[in-house]
2 protein chains.
Amino acid sequence: MPRSSNTPTTKAASVTLATVAQRAGVSPQTVSNALNSPELLRPETLDRVLRTIDELGYRPHRAAQTLRTRSSKLIGYGIRPTAPGVSAPVMDRFLHALSQTAAEAGYRILLFATPPDSAGLDGYEELLDLHSVDGFVLSGTERGDRRQAWLEKRGVPFVAFGRMWSGRQIGDWVDVDGASGTDAAVEHLVGLGHRRIAFLGWPRGSGAGDDRAEGWQRAMQRHGLPVRGRRAQSVDDIGSAQAAVGPLLDAGATAVVAASDMLALGCYHALRERRLLPGTDVAVVGFDDNPMAELLSPGLSSIAQPLEAVGRECVRLLLARMSRAGAPPERVLLEPALVVRDSTSASDD
Amino acid sequence: MPRSSNTPTTKAASVTLATVAQRAGVSPQTVSNALNSPELLRPETLDRVLRTIDELGYRPHRAAQTLRTRSSKLIGYGIRPTAPGVSAPVMDRFLHALSQTAAEAGYRILLFATPPDSAGLDGYEELLDLHSVDGFVLSGTERGDRRQAWLEKRGVPFVAFGRMWSGRQIGDWVDVDGASGTDAAVEHLVGLGHRRIAFLGWPRGSGAGDDRAEGWQRAMQRHGLPVRGRRAQSVDDIGSAQAAVGPLLDAGATAVVAASDMLALGCYHALRERRLLPGTDVAVVGFDDNPMAELLSPGLSSIAQPLEAVGRECVRLLLARMSRAGAPPERVLLEPALVVRDSTSASDD
DNA sequence: TAGGGTTCTTGGAACGCTCCAATGCCTGAG
DNA sequence: CTCAGGCATTGGAGCGTTCCAAGAACCCTA
């Protein structure tokens, strides 16, 4: 008994191309064409086939398509074990944007966990020839990261979230302009009347960290402000940060730009230790706009990364790369945005 | 020219079952058996085949397997748009555990974004017959969630992170015993000498919230402590929490158990407003152990959910469900752990 | 040595789709 | 009226795997 039409119901057992073809009175190939190359069909036929597809609730079987076309419409994304303290919420927003944008283009994100101890490339290889993923999105790129070279050698499309900080530039990437963020922070502080603006960064050698330091430095120099003696460094840990920022405060800094919210929080603690109030006595700016930033008191001004945009751009570049393989690499640098809160109120410098 | 053996090199173009079979001098079917039903082969043959597989670096093609077996070894996981402020880091740790455990069993996680506005079921349906996912992991379950019933009706294996708070219990789930957590918090506070212990919860009606309230209440009653006038409620927002907890503090509470870290933070603010110190003057306990908890000063005692364990259990239950379809549902309730920090130091009640 | 039961191995088909080449149909020119 | 030529559609094969049933080799017993 034919199912009642016009209801794109759940398919009973399995509606295949052949089912549709039979019902529409055409050959299976024609149904395939209706979906993949509609311009080949006479409008009349096309319409009839599409209507039948709709009636039967037909959906092409991805595994069969993959087997035939050698393309899975899957994008691999390796999640690394969360380094505690590092921006976990970051990944969440990013992943969502990634997944959503990919879905709009008919792609899905296939997750794979990089075991904590592995060199990391096995996982990629496995995903590649097991699941025939069409490409990868990399994140958490580091200095001396071997993944880009490895993927390029194999001719696998990929996009990295995070530029390459050393060596030859390989492949497409999307990144956030950290220097521009800290530059804007200095600009903001100068506008509030600050002149003795310190920078609390990570130890030199981390790409992102040096980038953020550079933005502070150039903005300072642009305003003719001295940078000597106004800079300290600490690992991304609250205790160390608290200790490291001390000398800067004691040397009379009225504002601190930090390379991360964690470091900024170290400043808060160092200030409390000295019976000073963040925002009132000394301005503080963080980086990453961790959700906690707005919960602190006073709320921490911070530089927010446009994670949704990064996710979208990653997918866009990846799709572009997949469609025209040999094209010159494309690189996108996105602007972060300074979110002003109470930790940078008017200066009483 | 035969490739140099004993090096599980990357496969040249595509090594298939047939390649291996020819090289090992057996039929394709025998190679398949070597992998799927090794007990059928004579040890000698098995060994030879396996060695050949190794030499050639052969990997079965998942799409072909999926097409034939109708099982993709894929587990679907729908990520919802992150409600800001809500436990984003939660998802990160959970996802990682999920992905890792699944990988160990030869499964992978296929992400799909639930568009913010959708009813939510289309995505599941699509994943189901497009990618032939073998099952789903649900999270962010809500009162009146229709997903469980929908999936069960279709006979699709699934596991939910979060029990069903209303209606008929459907399917397997893994959840964290919130009541046990708040109970333990009260126990801890009583041990420190507190007697006037208040509870700051969410508005009634949310399953998890009521559960957490109940743990506080039963522990109070067990110790013969009054609960009347010691309870307030607020939406999960820092300002509202601050306002809501005021009367409790003014009524002389010496400790507050909050249903979330956000609410606990509201307490911090309310205390500062009254020139009281959290931890010293009034003890505060949060829930979820958000990374920010240990960054606050004083560090916020909080109840940590065992997210890694939840992830592992979800996979375990799902695999079990897939293997023996009709079995009675299995439900796992995991114990959270109270993490003690400076916000609950010795009482000076 | 023949028979019967194991144990191991094989050939053929099928999963649902898309590629390729070839067919039928129609129109317009010779 | 016939035939070239373009367009719409079709048939057949094959992607790599596993299922099914049947075949070959083997060992033991009569």
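Please read all numbers here as calculations on a predicted model, not as lab measurements.
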- Those residues of residues 38-47 of chain A lying under 4.0 Å from DNA chain D by at least one heavy atom: Leu40(A), Leu41(A), Arg42(A), Thr45(A)
- Note on the structure: On a heavy-atom basis, the closest approach of Gly135(A) and Met322(A) is N-SD, 4.4 Å
- Message: For a quick test of reading the model: is some side-chain N or O of Thr30(B) closer than 4.0 Å to OP1 or OP2 of dT10(C)?
- Response: yes
Before accepting this row, confirm whether a basic side-chain N of the pair [X]/[Y] lies closer than 4.0 Å to the acidic partner's carboxylate O.
{"X": "Arg316(A)", "Y": "Glu104(A)", "answer": "no"}
{"X": "Glu55(B)", "Y": "Arg23(B)", "answer": "yes"}
{"X": "Arg93(A)", "Y": "Glu308(A)", "answer": "yes"}
{"X": "Glu313(B)", "Y": "Arg331(B)", "answer": "no"}
{"X": "Glu126(A)", "Y": "Arg108(B)", "answer": "yes"}

- With sequence neighbours left out, the residues meeting side-chain contact (heavy atoms from CB on, under 4.5 Å) with Ala149(A) are Ile170(A)
- Using a distance-only test with no angle check, is there a side-chain donor-acceptor pair under 3.5 angstrom linking Tyr77(B) and Ser139(B)? yes
Between protein and nucleotides 15-22 of chain D, what N or O pairs are separated by less than 3.5 Å?
residue : atom : partner  : partner atom : Å
dG16(D) : OP1  : Arg70(A) : NH1          : 3.1
dT17(D) : OP1  : Tyr58(B) : OH           : 2.5
dT17(D) : OP1  : His61(B) : N            : 3.0
dT17(D) : OP2  : Leu17(B) : N            : 2.5
dT18(D) : OP1  : Asn36(B) : ND2          : 3.0
dT18(D) : OP1  : Gln65(B) : NE2          : 3.1
dT18(D) : OP2  : Ser32(B) : OG           : 2.7
dT18(D) : O2   : Arg68(B) : NH1          : 2.8
dC19(D) : N4   : Gln29(B) : OE1          : 2.2

- Between Leu130(B) (CG) and dC17(C) (P), how many Å, whole number? 10 Å
